[in-house]
**Student:** 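First the structure, then my questions, so here it is.
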Number of protein chains: 6
Amino acid sequence: MARVPTGIPGFDELIEGGFIENDVILLTGGPGAGKSTFGSQYLYSGIMHHNEPGVYITFEETPARIMRNMWRYGWDMERLVKEDKLRIIRTDPIAYGRYIKKSMEADNKGDHENATLETVLKQIYANIREINAKRLFIDSLTSLKISPDPVDVRHIILEFIKNIESFDCTTIITSEIHKDPDNFSVEEYLAEGVICLKVFRIDGERIRSLEILKMRGVKHDEVLRPYLITDNGIIVYPYESVIGKEADVFSFQKSSILGEE
Amino acid sequence: MARVPTGIPGFDELIEGGFIENDVILLTGGPGAGKSTFGSQYLYSGIMHHNEPGVYITFEETPARIMRNMWRYGWDMERLVKEDKLRIIRTDPIAYGRYIKKSMEADNKGDHENATLETVLKQIYANIREINAKRLFIDSLTSLKISPDPVDVRHIILEFIKNIESFDCTTIITSEIHKDPDNFSVEEYLAEGVICLKVFRIDGERIRSLEILKMRGVKHDEVLRPYLITDNGIIVYPYESVIGKEADVFSFQKSSILGEE
Amino acid sequence: MARVPTGIPGFDELIEGGFIENDVILLTGGPGAGKSTFGSQYLYSGIMHHNEPGVYITFEETPARIMRNMWRYGWDMERLVKEDKLRIIRTDPIAYGRYIKKSMEADNKGDHENATLETVLKQIYANIREINAKRLFIDSLTSLKISPDPVDVRHIILEFIKNIESFDCTTIITSEIHKDPDNFSVEEYLAEGVICLKVFRIDGERIRSLEILKMRGVKHDEVLRPYLITDNGIIVYPYESVIGKEADVFSFQKSSILGEE
Amino acid sequence: MARVPTGIPGFDELIEGGFIENDVILLTGGPGAGKSTFGSQYLYSGIMHHNEPGVYITFEETPARIMRNMWRYGWDMERLVKEDKLRIIRTDPIAYGRYIKKSMEADNKGDHENATLETVLKQIYANIREINAKRLFIDSLTSLKISPDPVDVRHIILEFIKNIESFDCTTIITSEIHKDPDNFSVEEYLAEGVICLKVFRIDGERIRSLEILKMRGVKHDEVLRPYLITDNGIIVYPYESVIGKEADVFSFQKSSILGEE
Amino acid sequence: MARVPTGIPGFDELIEGGFIENDVILLTGGPGAGKSTFGSQYLYSGIMHHNEPGVYITFEETPARIMRNMWRYGWDMERLVKEDKLRIIRTDPIAYGRYIKKSMEADNKGDHENATLETVLKQIYANIREINAKRLFIDSLTSLKISPDPVDVRHIILEFIKNIESFDCTTIITSEIHKDPDNFSVEEYLAEGVICLKVFRIDGERIRSLEILKMRGVKHDEVLRPYLITDNGIIVYPYESVIGKEADVFSFQKSSILGEE
Amino acid sequence: MARVPTGIPGFDELIEGGFIENDVILLTGGPGAGKSTFGSQYLYSGIMHHNEPGVYITFEETPARIMRNMWRYGWDMERLVKEDKLRIIRTDPIAYGRYIKKSMEADNKGDHENATLETVLKQIYANIREINAKRLFIDSLTSLKISPDPVDVRHIILEFIKNIESFDCTTIITSEIHKDPDNFSVEEYLAEGVICLKVFRIDGERIRSLEILKMRGVKHDEVLRPYLITDNGIIVYPYESVIGKEADVFSFQKSSILGEE
């Protein structure tokens, strides 16, 4: 099985050298955890070092803001877009779903969620084909949850992931953390791999750590590893682990959470 | 009562030598706990060592990915499929239910959930009969919860389990953990046996443990036992128990959960 | 007031010698707590030692499985069924309710829940009369909660219990624990007596304990008492109490619950 | 303002000698706390020692069971009923509400909740007038919550309490504890007085305590006081308080609650 | 900006001498905290010491009960009502809303919540004008939450507060505490000032404390201050603070809450 | 990228000198945290020190109250309004949405939420253009959540933020904290930057602290920093951090929260 190096220094050591080709990997984390940076670095590195074109699907941010924000790391995404090695496509499944729903109601014809899903998938696939992309980054799955019914959401997520799996791209999809941490969300069960970004606060400063919750078919690392967001992007420390400070973390976390007013 | 050895080294010691023939056993655990590996090992071992054909029903993963992922353990499931000793069947009750619902709404005829359930059960039964399967693995029950009404869900789960019990197969069904751990889910009450896979994190590393919550009609082990996922599949340590590290587990767990950002 | 000995060694000491004749007692506990064993032992002992016929109403398990599972304790329930001293009747109020609901919708006639309840009660009463049963065991009340509306559920449970009280049988009804333990369920308020089975885990092993939450009109024990599930059924230790290990229980419990992944 | 002695030894010392005449007092507590005993003792003592007839409204228990259960304390309620000094009336607002709702739906006429409330209030008032009752006990308010809409429930409870206040009786109404203890239920805000029965478990035994949450217009006790359920009914210890054992209570409570399986 | 002294001894020291004229201040607390006493004292003192007529709007209690309950403090509200310096007006927005809703449904005309709100506001305003009131007390805002939709509730509360602000009265509105304490209710965001009454239990006795959560435009105290309910009403201790006993409070609170049965 | 100094002493040191021009920054905090003061200071300082006109959009407070409340800090906002350097505009999206919804229902024409959003955005944009504003403050986003459906809310928030981003203003939007602190709200994911105001209570006094959860494209501070509300507005201490008192905070917080009655 071919492996796809991620371009995140230190990360590939945790997963036998890279993702399995064409897998769909979930990346979870809160606001400020660095999910967009992780995905941009993955695409940028693919183009620069492996000559693999990439597609960035954004359901929320505008392409202009994404390119601007990545300047902080010295990545010239605009140039790559101009050379058509990178596509940054913004689409909004919720707005789309609402539009389709309304036209359907007029005709009384049915399943707007499937129609929305199909349109979004076609748009992603067209962009992949046009530049022959090998890497795909989608930010974020949460915007695809266009139904209030959890059974529908499960169906949408499952269909979306299974379709993306057939696109001949190695894909990272981000997901917001919305539920309580004892419960796993449906996408954590359905994806081939799950990477969790977790941010603690210790003595008033943040400690960033990364954990591979699962990576099917791969003998993967299972330890909580620290990572940093540097001027050159994300770096993972694959031989260090986040231990020994748990008690402090606990008392501080607890207080800061309860202390919110 | 005939016993069915599971093929998981160390596990049968906990349940007087194996499952009771034709029982339906529930296997619960989070993402990455090894539920699919447990089930594949059970089927693979049945075919290789007891010449008992098996059926793998997947409501989520594609058969191709399952076969690929099991290569990690050196299990050549593809060959077994070709020899028709193993069937890996993907079906999607949610999509199915939605389709049936839509056609029914047109005709205004009623109970799409029962129709969905019946179709899924027929498909499973046909595959069992065709290869004379003795072992059945179903992944996962959660995809059968195709109604938002808990009363309907209870009915579906009960009907499904009671039907599966009549198929002359010894069956493992997986279930996701979605509720808070003080509450048991309906399937834990309705199944003949329940095996729980639990994963702790201690000092940054994961400890895997297994517990038999119940096994009706069997004098079963009641201790928390460690297990490993090795290059040859799952191994249970039936004479060791996970104790003495509870305080550490507690403080760490707590902090890492609260620490999520 | 005549007393009905339960046949559970050690239990009658806690309630002045037995249940009050014709009372309806609730038995709560999680999966694996031994609720079915408790009820079977109560019926079996009634037939064997007091020549009182019994009826076992099961809303979930099949009679065949129940008889099989009780073999573990050496109880030959099949013979008692053949001699018509024991009836094991399976009925499914949810399926029944759904069927009635559908036919009613056709005729637009109304209250399917009452119709379901009435049918189930008639069936129970007929079986009691036919063998002149003195003991009744119903497993479980949860399957009677056939409405999503808590006001309807309260009505159903209240009507069910009040009707059962008029059947001239001394009755045990089981109930699953579905809510958080600070809240009592409606049946705990409505039944004449409530027996709680609780299972702790200490140092990786399970400790089983029993508590009488209430027993109206009876001067009952109020201490947490240990019980065992032996090869001969349940034994209660009425002069021992589960104390002194609380701190351990606490830390372990907490960790193992949070540790679930 | 005239005072009404409760007949609970030790209790009147906490509230300047008794309830204020014609007040409506709420009595809260879980199953087994002794709410029915408290109310029966209040009525029984009123008849025996103050020659004040009483009405017992039961929305759940049958009058026969209530009389039987009170035998434990040596109270011959049956005789008082025969002498028409005591009325024990069972009515079921939920069943009633369902019946009214159905007939109304036929005529499409509207507000079944108000109709139900009015009927129940008329029935209570008629019984009060017929025996010239001075004391009223209603068990329990929870059965009056016949609507799933909290705004409707608030209206029903407020209307019910305000009507009862105008009946020239001094009234105790019981209420189940269904919500988490940080939140007060609507009746705790709306009643003139609130008495809470709380049951702890310490070292495996139960400790019963009573607290007066409020008593408008009365300089009332604010300490947690122990009470016992003896062979002669409830006794309160107005000069003792439940302190000094909190830590034990805490660790045990916590563990036993979490330990439930 | 003119200041309005509250008449609560010790309280005005915390807010630069009194409320800002014409502000709307929220007063939160559980049952028994003394909210009605606080408001009555504010009105009574306004009439007696500043010759400012006052209006007491009660959505729950009857005026007769309010006057009776305040006798405990020696306040003769009845006389003030007779002299028309005080108005105590009972109105029931929920009942009103239900009535309006029903007539509207007949005519199919729309927004009963706005109609209810308008009627209640007109009634309040008329009473203010008739006696030229300067002080207004409204008990409680919770009864205005006549819609199950939180968006509607937000609108109602916002409209109500903004209208009251324009009535040229300095107003206290009470609010029940219904949500968990990590979440603030909408009125806490919308009011100009928020005073919280909190009651702890320490060693079985209650400790009452008061905190000013906010007071816009005012340099206000931010410490938790003790208060007492004496025979002469509420007294605040502006130079003491509730500290140093936290650990005890915690362990006791926790246990007594969990200990509820 | 041009930077916009905030005018909050000490704050700009945390974000490389100021906001990125035209960014939309979220400011979260409970009642009394100082959100309105933060926003007013930002606008006031922009006009006074950088000659940049500003627009204050209030969905809740009246302009008159805002101006009055800011007098406490010596800021003469009324003069700035007269000179047309500052606009304070009150609009109420909920009331607006309700009005639009009603007219639409009459015509049966559809999406009132989009119509409401569009109207509010046009009004904001018109005011910006008329005074050529460079700074915008919106208080608060919560009032825009005019739908009970979270999918709709996500759409509204996303559309609102993306539109505001295109207005050539540097914008602060406030948000109430309504959910439990483990869950981030949708706006925290969608905004370019998030500033959290947190208020602890230590020994009865409040400690105010500020944290930058994220600031896309900016190398920002990640430590919890103290701030004060002085007679001259907010001051941040960028070189101090809130540490070392966590245990105290915890025990106190916990007790005071649980202690609420």
Side-chain angles (χ1 to χ4, degrees), chain A residues 1 20 23 29-33 110-111 114 149-152 154-155 158-159 162 165 177 180-184 186 188-192 194 196-201 206-207 209 211-219 222-225 241-251 253-254 257, chain B residues 30-37 59-62 64-66 68-73 90 92-95 97-99 101-102 105-106 140 142-143 145-148 176-181 199 201-206 208 229-231 248 250-261:
Chain A
M1 284 174 290
I20 296 183
D23 260 8
D111 195 349
N114 265 353
D149 178 352
V151 177
D152 281 349
R154 191 179 179 88
H155 170 73
L158 180 53
E159 280 307 293
K162 290 303 149 201
E165 278 180 6
I177 304 173
D180 74 294
D182 278 336
N183 286 334
F184 295 94
V186 58
E188 290 177 286
Y189 283 97
L190 300 181
E192 292 293 309
V194 179
C196 307
L197 304 181
K198 301 179 178 188
V199 184
F200 305 87
R201 267 167 287 166
R206 277 180 227 168
I207 300 298
S209 70
E211 186 183 24
I212 296 166
L213 188 63
K214 73 175 184 188
M215 195 67 68
R216 283 185 189 143
V218 177
K219 196 171 170 177
E222 302 196 330
V223 179
L224 213 62
R225 305 291 181 189
S241 78
V242 179
I243 12 165
K245 298 173 178 171
E246 290 79 31
D248 300 330
V249 175
F250 175 57
S251 62
Q253 261 313 107
K254 199 70 188 170
I257 282 167
Chain B
K35 298 189 299 296
S36 305
T37 300
F59 294 149
E60 289 139 20
E61 278 275 76
T62 59
R65 299 260 165 183
I66 290 164
R68 187 204 77 182
N69 291 338
M70 293 309 141
W71 263 119
R72 182 189 156 189
Y73 308 113
R90 190 187 168 215
D92 180 350
I94 296 178
R98 285 161 60 105
Y99 173 79
K101 194 177 182 184
K102 217 156 65 178
E105 270 161 8
S140 74
T142 310
S143 280
K145 299 182 174 178
I146 56 176
S147 166
E176 301 174 6
I177 306 172
H178 258 235
K179 313 226 191 62
D180 73 295
V199 183
R201 266 167 289 167
I202 300 184
D203 291 348
E205 280 185 77
R206 278 180 227 167
R208 299 172 185 279
I229 300 184
T230 72
D231 287 349
D248 300 330
F250 175 56
S251 61
F252 183 80
Q253 261 313 107
K254 199 70 187 171
S255 66
S256 68
I257 282 167
L258 288 167
E260 236 155 272
E261 232 180 54

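Numbers restart at 1 for each chain; the letters A, B, ... are given by sequence-line order, proteins then strands.
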**Student:** Okay, side chain of A:R154, backbone of B:I146: is any donor-acceptor separation there less than 3.5 Å?
**Tutor:**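 No; judged by distance alone, with no hydrogens or angles, the pair does not exist.
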**Student:** So which part of B:S140 gets closer than 4.5 Å to some heavy atom of chain A, the side chain, the backbone, both or neither?
**Tutor:**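 Only the side chain of B:S140 comes within 4.5 Å of chain A.
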**Student:** Check ring-ring contact (aromatic ring centres under 6.0 Å, His included) between B:F59 and all other residues, then give those that pass, not counting sequence neighbours.
**Tutor:**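 Listed in chain order: nothing, the list is empty.
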**Student:** Decide yes or no for B:K145 and A:V151: does some side-chain heavy atom of the first lie under 4.5 Å from some side-chain heavy atom of the second?
**Tutor:**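 The answer is no; the side chains never approach within 4.5 Å.
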**Student:** Please rank B:R72, B:M70, B:K35 by heavy-atom pairs under 4.5 Å with chain A and give me the top one.
**Tutor:**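 Top count of heavy-atom pairs under 4.5 Å with chain A: B:R72.
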**Student:** Would you indicate whether the side-chain heavy atoms of B:R68 and A:D23 approach each other to under 4.5 Å?
**Tutor:**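 Touching, per the 4.5 Å side-chain cut-off.
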**Student:** So which atom in A:Y189 and which in B:G30 form the shortest heavy-atom distance, rounded to 0.1 Å?
**Tutor:**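 Smallest interatomic distance, heavy atoms only, reads OH-CA, 3.5 Å.
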**Student:** Can you tell me how far the CD atom of A:E222 sits from the CD1 atom of B:I229, to the nearest 0.5 Å?
**Tutor:**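 Here the rounded value is 7.0 Å.
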**Student:** For a 4.5 angstrom cut-off between non-hydrogen side-chain atoms, does A:K162 reach B:D92?
**Tutor:**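 Not touching, per the 4.5 Å side-chain cut-off.
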**Student:** For the residue pair B:R65 and A:E192, establish whether any side-chain heavy-atom pair is separated by less than 4.5 Å.
**Tutor:**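 Yes - at least one pair of side-chain heavy atoms lies under 4.5 Å apart.
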**Student:** Should A:E188 and B:E176 count as side-chain neighbours, where that means a heavy-atom distance under 4.5 Å?
**Tutor:**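 Counting from C-beta outward, A:E188 and B:E176 never come under 4.5 Å.
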**Student:** Let me confirm one number: the CE-CG distance from A:M215 to B:N69, rounded to the nearest 0.5 Å.
**Tutor:**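 Reported to 0.5 Å precision, the distance equals 11.5 Å.
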**Student:** Return the option, out of A:V218, A:V194, A:L190, with the maximum number of heavy-atom pairs under 4.5 Å with chain B.
**Tutor:**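 Sorted descending by pairs with chain B, the first entry is A:V218.
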**Student:** How far does CZ of B:R206 sit from CD1 of A:I212, to the nearest 0.5 angstrom?
**Tutor:**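 So the gap between those two atoms works out to 8.0 Å.
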